[in-house]
Amino acid sequence: MLMGWTVRGMLLEAVARQAVAAKLLSLSGLFAVYKPKGPTSASVLNQLKAKLLSVVGIGKGTKMLGDMLAGSKKYTAIGELGNATDTFDSTGKVTEEKPYDWITQEDLENVLQKFTGSIIQAPPLYSALKKGGQRLSTLVKKGVAVEAKPPRPVTVYSLALKNFKPPLFTLDVECGGGFYVRSLVNDIGKELSSCASVQELTRTKQGPFTLEEHALYEDKWTIDEIAQSLERCMPLLPAGLSCKKLKTGLSEEHTVSCEDK
């Protein structure tokens, strides 16, 4: 009798999984996922795939990711004066310590003006930029000698100091592609004749998606929640691309990495 119930339970589970897979295949579009501090976008994606029977990319919506995420990005960053690290954030090893006692809120606000608009910025060595198909950060961790990428033009649309309680300061940043907030905070420390590193960093906007309105947290990684999220995000799609057109495509696995810049 126990064996009979076990087989029945397995059959019911298989039927349920088939139903979930069928519903996933019927969906198409884009939705945003919240990535907490620590894990990479790839690891979060793998967790999501495991919960959703390894299906993440939703139909033809995957083909629009590049265009949809090409807009500006917004971040809230907490920097710490007096400490510099090799990664420019709290995950790295401290490489320098300098006093910061003389720095005032006015000093910091004046410095921010130098980093607004079209500026030249050097990417951090620990970054998602690649050499020979591998991330620079991965190569550095392996002990491979890597040259830093040369400075390049980037755009900062807005930069504001929201809080200043030395040694901590909080910035709101809106920027274009290729911009690294970690490099910004590191450069601000140098400009103040001290040093600084990022302690916390939260992306609050990526293209048309905002953290407050669109990000799906892990406790809501279910088929029904994703379906609702797709519906909420539908108005963000380019004009002329209807829900009906999206739902004609087959599911395909795809993601765009939006690692901390």
Side-chain angles (χ1 to χ4, degrees), residues 29-45 47-48 56 61 64-80 87-91 105 108-109 111-113 115-119 121 123-124 126-128 154-165 168-189 196-221 225-226 228-238 255-261:
L30 300 173
F31 66 97
V33 173
Y34 173 75
K35 186 187 86 66
K37 180 182 179 181
T40 64
S41 292
S43 62
V44 171
L45 177 64
Q47 295 174 37
L48 178 58
V56 174
M64 298 182 299
L65 282 172
D67 291 336
M68 292 293 288
L69 301 181
S72 67
K73 300 172 290 183
K74 289 184 179 180
Y75 295 90
T76 295
I78 298 178
E80 181 180 10
T87 60
F88 296 175
D89 64 15
S90 60
T91 67
Q105 180 170 333
L108 188 49
E109 289 176 336
V111 163
L112 296 186
Q113 298 177 21
F115 295 98
T116 303
S118 297
I119 63 173
Q121 183 189 71
Y126 284 82
S127 71
V154 293
T155 303
V156 180
Y157 299 108
S158 64
L159 178 58
L161 179 65
K162 306 304 292 185
N163 195 18
F164 183 59
K165 293 183 177 179
L168 302 180
F169 59 96
T170 303
L171 303 175
D172 277 351
V173 187
E174 182 173 8
C175 57
F179 184 83
Y180 283 84
V181 178
R182 287 178 290 139
S183 289
L184 168 68
V185 171
N186 181 72
D187 291 341
I188 287 173
S197 58
V198 171
Q199 295 303 300
E200 293 185 24
L201 182 63
T202 303
R203 186 167 52 249
T204 59
K205 177 181 177 290
Q206 174 74 51
F209 298 98
T210 65
L211 178 63
E212 183 177 355
E213 297 180 55
H214 306 113
L216 206 60
Y217 287 76
E218 186 175 356
D219 61 342
K220 294 187 177 181
W221 288 357
E225 289 286 354
I226 288 176
Q228 293 176 27
S229 183
L230 288 170
E231 185 175 350
R232 288 195 301 270
C233 293
M234 191 59 65
L236 303 176
L237 300 182
T255 184
V256 169
S257 174
C258 298
E259 287 297 305
D260 150 36
K261 294 293 188 180

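Everything numeric here is computed off the predicted structure, so don't read it as measured data.
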Does a side chain donor of either Asp172 or Thr76 reach within less than 3.5 Å of an acceptor in the other side chain? yes

Just jot down the side-chain contact (heavy atoms from CB on, under 4.5 Å) partners of Thr116, sequence neighbours excluded, or say none. Leu159

Give, for atom CG of Asp89 and atom CD of Glu80, the distance between the pair rounded to the nearest 0.5 Å. 12.0 Å

Flag the pair Cys233 / His214 as yes when at least one side-chain heavy-atom distance between them is below 4.5 Å, and no otherwise. yes

Mind checking what makes side chain to side chain donor-acceptor pair (under 3.5 Å) contact with Glu174, not counting sequence neighbours? Ser72

Heavy atoms only: give me the nearest Gln199-Ser197 pair and the separation to one decimal. NE2-OG, 3.3 Å

How long is the gap from CD on Gln121 to CG on Leu184, to the nearest 0.5 Å? 7.0 Å

Between atom OG of Ser158 and atom CG of Leu112, what is the distance when rounded to the nearest 0.5 Å? 11.0 Å

With rounding to the nearest 0.5 angstrom, report the OG1 to CG distance, Thr170 to Leu161. 7.5 Å

Could you pull out all residues at least two apart from Tyr157 that satisfy ring-ring contact (aromatic ring centres under 6.0 Å, His included)? none

Under the rule for side-chain contact (heavy atoms from CB on, under 4.5 Å), what residues qualify as partners of Gln228, not counting sequence neighbours? Glu225, Arg232

Residues which pass side chain to side chain donor-acceptor pair (under 3.5 Å) with Gln105, listed by chain and number, not counting sequence neighbours: Glu109

Interatomic spacing from CZ in Phe164 to CG in Leu108 - rounded to 0.5 Å: 6.0 Å

Please walk me through it: do Tyr34 and Tyr217 pass ring pair (Phe, Tyr, Trp, His ring centres under 6.0 Å)? CA-CA 5 Å; Tyr34 173 75; Tyr217 287 76; 4.4 Å; yes

Which is it for Leu201 and Tyr75 under the side chain to side chain contact (heavy atoms under 4.5 Å, CB included) test, yes or no, and what are the steps along the way? CA-CA 7 Å; Leu201 182 63; Tyr75 295 90; 3.8 Å; yes

Run the side-chain contact (heavy atoms from CB on, under 4.5 Å) test against Glu213 and tell me which residues pass, sequence neighbours left out. Thr210

Using 0.5 Å steps for rounding, measure from the CZ atom of Phe115 to the CG atom of Asp187. 5.0 Å

